[in-house]
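Take a look at the structure set out below.
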Number of protein chains: 2
Amino acid sequence: MAQASGGVPRKEKAGGTVRADVAAAAPEGGIRRENLRRILTAAEQVFAEQGYGGATTAAIALRAGLPKANVHYYFSTKRDLYRAVLADILKQWLDPLAHVTPDSDPAQALAGYIRAKMRATRDRPVVSKVFAGEIIHGAEEIWGFLTADLKSLVDEKAAVLDGWIAEGRMAPVDTRHFFFFIWAVTQHYADFDAQVRAVLGRKKLTRRDFDTITAEVVRFILRGAGLSLPST
Amino acid sequence: MAQASGGVPRKEKAGGTVRADVAAAAPEGGIRRENLRRILTAAEQVFAEQGYGGATTAAIALRAGLPKANVHYYFSTKRDLYRAVLADILKQWLDPLAHVTPDSDPAQALAGYIRAKMRATRDRPVVSKVFAGEIIHGAEEIWGFLTADLKSLVDEKAAVLDGWIAEGRMAPVDTRHFFFFIWAVTQHYADFDAQVRAVLGRKKLTRRDFDTITAEVVRFILRGAGLSLPST
DNA sequence: GTCTATATGGAGATAGAC
DNA sequence: GTCTATCTCCATATAGAC
């Protein structure tokens, strides 16, 4: 672990558990709540840019506009803060899948899901990067979330797609892997944006770029599932 | 930067350049070459697991079975070692695209490329993870490679696909993004294997799993390009 | 609740005997 | 070329005045 040094945490407990919602507990408008939000937002960015090991509490404090000791007042260890950031992220991770229900039109529902994912990619790329880093490095901290919450949601939604397939409403694909494909492609534009920009020779991807890309992604994935949208 | 401490490198030059091939320079069978290989292999694994910031030279030395000072003998700084690992990786990164040439059959050529990528994913997942980490965190170290080597290769191969499209041999897709899709999906199974295993409820993906997944990936991507393989 | 000043100990890096 | 012993610095975390 980079975790360079530090007086105390000789051995960090590898939790597997992530507590929810630190910030929401504080009273609205209070200074505590405000500071928690500032710290969490700053931490999210720094963890995304530097990775857990590369991030320093000093950098987080600086970006939050608070003295370093203040960060430790709210989160006693760097790992605690990291867990809080992850908890924050997981809350929003499952939401977009709500679109997918048995009675919806396959192409419309999946397109809606993909668009929601691409919107998240565009608006909050750092979230995706922190999540990606955590998984790449073994997902110890969110293992419980992956094996319980995420797995059961995927099982449920895969069953919906299996129903569509049985009814001949989409091509026969392995539905769980199909979700992997969707995640892989959509999150690629957040996590690997540097590569995308380098290959396209673009300094920055604009909103318009994202609209174009989203349309291309939707078309590609739907075609992969034997679907297409009515051309409007 | 995690880079915790360390007596010397107060400020790390952000290179953008990656020197090639440290190990190959040494004479075959020599102890130098042997040690370089051990260190590079160990470093690759540790960087993949812990990230650059989280990796320590002590951990790398331990895994290489050498004293820490010996690592510094071959690579004066941790960043130097990291660059060498990246250089090692980049060498193999472009190879699989060789399959894609104007006169080949689109479905066969692309399937070959995808299979090669999936094989790399299966056999050397750590390579993919180090590469992913580098890009997620801004790709400073390999920016030159991305904007020069990778970009021109993609431009070249995209032109091949554009030719196929013009001849009506595959569906009209944005060919550069099509490569992004391929990379996203194939590398997903290396980089996000923890998530894949968690959702599938599998402790480990076997060779057989990989064969199945590869077939599914090939089918999906080809269908997305309006192609299919002759069922054998 | 806030923040300056400080402790603590580990991380990268080196000297120098072998 | 190798490796033990050691140096230096800085990142985490805390004490304690405000």
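Letters go in sequence order (proteins before strands), and every chain restarts at 1.
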**Item:** Test ring-ring contact (aromatic ring centres under 6.0 Å, His included) applied to A/Y74 - qualifying residues, sequence neighbours left out
**Value:** none

By side-chain hydrogen bond (donor to acceptor under 3.5 Å, both in side chains), which residues pair with [X], not counting sequence neighbours?
| X | value |
| --- | --- |
| B/K151 | B/D155 |
| A/T186 | none |
| B/K129 | B/D193 |

Report all interatomic pairs (protein N or O, nucleotide N or O of nucleotides 1-4 of chain D) with separations under 3.5 Å.
from, atom 1, to, atom 2, distance (Å)
D/dG1, OP1, B/R32, NH1, 3.1
D/dG1, OP1, B/Y73, OH, 3.0
D/dT2, OP1, B/N35, ND2, 3.1
D/dT2, OP2, B/Y74, OH, 2.5
D/dC3, OP2, B/N70, ND2, 2.7

Whole angstrom is fine here: how far is it from [atom1] in [X] over to [atom2] in [N]?
| X | N | atom1 | atom2 | result |
| --- | --- | --- | --- | --- |
| B/L81 | C/dG12 | CG | C1' | 12 Å |
| A/K78 | D/dC10 | NZ | P | 16 Å |
| A/Y82 | D/dT12 | OH | P | 15 Å |
| B/I60 | C/dA11 | CD1 | P | 12 Å |

Side-chain donor-acceptor contacts of residues 92-100 of chain B below 3.5 Å, not counting sequence neighbours, with atom names and distances?
from, atom 1, to, atom 2, distance (Å)
B/Q92, OE1, B/R124, NH1, 3.3
B/H99, ND1, B/P96, O, 2.8

**Request:** Choose from D/dA13, C/dG12, D/dA11 the nucleotide whose nearest atom is closest to any side-chain atom of A/T77.
**Result:** D/dA13

**Asked** Relative to each other, are the rings of A/F181 and A/F178 parallel, tilted or perpendicular (30° and 60° limits)?
**Response**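 Geometry flag for A/F178 against A/F181: perpendicular rings.
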
**Asked** Are A/T56 and D/dA11 close enough that a side-chain N or O sits under 4.0 Å from OP1 or OP2?
**Response**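 No, A/T56 has no side-chain N/O under 4.0 Å of OP1/OP2 on D/dA11.
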
**Item:** Phosphate contact (C/dT14 OP1 or OP2) by B/H72 side-chain N/O below 4.0 Å
**Value:** no

